[in-house]
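I have placed the structure first, in the form of structure tokens, so that the comments after it can refer back to it.
Start at 1 and go down the list; that is how both ligands and their atoms are numbered.
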Amino acid sequence: MITVENLSKSFWGNAGPVVALEDVTLDVPTGAITGVVGPAGSGKSTLARLIALQERPDSGVIRVDGFNTAALDPRRLRAARRRIGVVTQGDLLPQRTAAGNIALPLEQAGVDGPQRREKVGKLLDLIGLTDKAAHYPDTLTPGQRARIEVARALVGDPGLLLADDPTRSLDADAAAGVLTVLDRARAELGATVLVVTSDTGVIRRIADDVALLDGGRVQEAGNLLTLVQDPTSHVAQSLLPAIDAPKGATAGHDRSAEITLIGFAAVGALLPEATARFATPIAILGGGLTRVGETPVARFLVGLTGPHAQETLTWLTTRGAVIRQQPTLTAAIAA
Ligand SMILES: Nc1ncnc2c1ncn2[C@@H]1O[C@H](COP(=O)(O)OP(=O)(O)OP(=O)(O)O)[C@@H](O)[C@H]1O
Ligand SMILES: [Mg+2]
């Protein structure tokens, strides 16, 4: 487990000090994928460089398995850095093959030939490029090159794999390929993964946990599926389907509500079951279905009709639906 506690970092810009990070506190749980998302300039890359131990904070502490990294002597600091695999971009050596690029850090570390070949073979398999082992970078697609760069970052069996904007300038298919590799690194190699991105699609695809940065501060952080159930969450708003129902869509219903459903059972069967149980028709007026990781998630605007409308909503809540009820017509008039 990596913990970041009260981290602050400023730079000197042309117009005086620029605060890149302010009092950032964050947990990066072991064996999970943590996503850091935020707009341009929000401090994501600065946070990544500090966690990679490439730069020091002005104040605050980064702990790895409880050890304060600021207290490490130079030798231990180098050893701690070696436990972190940083995915770089666009710096494969053109005169080396795919396999040769992945093997380079092992050669530099003096690992012998047979061991190197075994390791590189496993990583080529992990990234799905076994058949491209002998190809040179300029004969590969940008997506294939990006996967090789992930493999090279994994070659020293790092405890933490860190990727800053790994899907930048890749098309959708290539980006999906890179994200699959990050996910396999976690699932098959047990790596802890920290991925920085400005693309909420990346968070949706692979993150278990997420931190939203804005202006150098953590606005929200936590488990993604938990945040998705929080009606005030900005992360949830950006990942859930838009409601986009026409104005007045709820007219004529006894109750209307925005409802979030999570998981196969909830998304598939809960509304029909409620209708059958309470003889209450539930009309879907807006919203839709999406996926967060492997989990289906729906957000609908629904209208309920009949004397049991309220009871039906209450029952849905007891079954795990997250409900944000719209004011009833009479309540709206009273207000
Ligand atoms: N080495 C530096 N010198 C001066 N200012 C810096 C430096 N690094 C970052 N900054 C400033 O700190 C702030 C945060 O930058 P950072 O690169 O961490 O943001 P980011 O979230 O990664 O942005 P992007 O999405 O564009 O990559 C910005 O205002 C940036 O200009
Ligand atoms: Mg950045």
Side-chain angles (χ1 to χ4, degrees), residues 2-28 33-62 69-70 77 81 84-92 142-143 145-147 149-150 152-153 158 160-172 174-176 178-179 181-182 192-222 224 227 233-239:
I2 296 166
T3 58
V4 166
E5 298 165 12
N6 311 105
L7 219 56
S8 293
K9 179 82 179 174
S10 296
F11 297 101
W12 278 97
N14 296 335
V18 177
V19 178
L21 293 175
E22 202 176 346
D23 202 23
V24 166
T25 293
L26 181 71
D27 287 344
V28 181
I33 300 186
T34 299
V36 175
V37 67
S42 56
K44 306 180 296 293
S45 296
T46 305
L47 180 60
R49 289 197 305 273
L50 294 177
I51 291 176
L53 308 177
Q54 293 169 338
E55 268 178 53
R56 293 207 175 233
D58 298 336
S59 58
V61 175
I62 297 166
T69 55
L77 185 63
R81 281 198 190 114
I84 302 169
V86 179
V87 181
T88 56
Q89 276 165 332
D91 70 347
L92 293 178
R145 288 199 291 270
R147 276 142 65 194
E149 291 185 292
V150 177
R152 190 179 51 184
L160 174 68
L161 180 68
L162 203 154
D164 187 346
D165 212 351
T167 59
R168 171 177 56 208
S169 67
L170 294 179
D171 65 33
V178 169
L179 297 182
V181 168
L182 296 180
T192 300
V193 179
L194 184 71
V195 56
V196 163
T197 183
S198 52
D199 178 1
T200 48
V202 169
I203 301 298
R204 174 205 302 288
R205 274 274 331 261
I206 59 164
D208 301 301
D209 280 36
V210 64
L212 171 64
L213 279 187
D214 200 4
R217 288 180 160 271
V218 175
Q219 303 294 333
E220 289 175 21
L224 189 54
L227 281 177
S233 160
H234 294 284
V235 172
Q237 286 303 321
S238 66
L239 293 185

- Taking T197 for its side chain and V37 for its backbone only, find out whether a donor-acceptor pair lies under 3.5 Å. no
Can you produce the list of protein nitrogen or oxygen atoms under 3.5 Å from a nitrogen or oxygen of ligand 1, alongside each distance?
unit_1, atom_1, unit_2, atom_2, d
ligand 1, 18 (O), S45, N, 3.4
ligand 1, 18 (O), T46, N, 2.9
ligand 1, 18 (O), T46, OG1, 2.6
ligand 1, 19 (O), G43, N, 3.3
ligand 1, 21 (O), S42, N, 3.1
ligand 1, 21 (O), S42, OG, 3.4
ligand 1, 21 (O), G43, N, 3.0
ligand 1, 21 (O), K44, N, 2.9
ligand 1, 21 (O), K44, NZ, 2.8
ligand 1, 22 (O), S45, N, 2.9
ligand 1, 22 (O), S45, OG, 2.8
ligand 1, 23 (O), G41, N, 2.8
ligand 1, 25 (O), K44, NZ, 2.7

- Give the total of protein N/O/S atoms at a distance below 2.8 Å from the Mg ion (ligand 2). 1
- Message: Tell me if a side-chain donor or acceptor on K9 pairs with a main-chain N or O of R56 at a distance below 3.5 Å.
- Response: yes
- Query: Can you find a heavy atom in the side chain of L7 that is under 4.5 Å from one in the side chain of L26?
  - Reply: no
- Query: Of all heavy-atom pairs between S8 and D23, which one has the smallest distance, and what is that distance?
  - Reply: OG-N, 3.0 Å
- Message: Suppose we screen for side chain to side chain contact (heavy atoms under 4.5 Å, CB included). Which residues come up paired with R145, at least two apart in sequence or across chains?
- Response: L92, P137, L140, P142
- Message: Can you list everything that forms a side chain to side chain donor-acceptor pair (under 3.5 Å) with S45? Sequence neighbours excluded, please.
- Response: D164
- Item | 4.5 Å side-chain heavy-atom contact, I51 and I84 | no
- Query: Looking at L77 and T69, what are the two nearest heavy atoms and their distance?
  - Reply: CD1-O, 4.2 Å
- Query: Less than 4.0 Å between a side-chain N and a carboxylate O, is that true for R205 and D199?
  - Reply: no
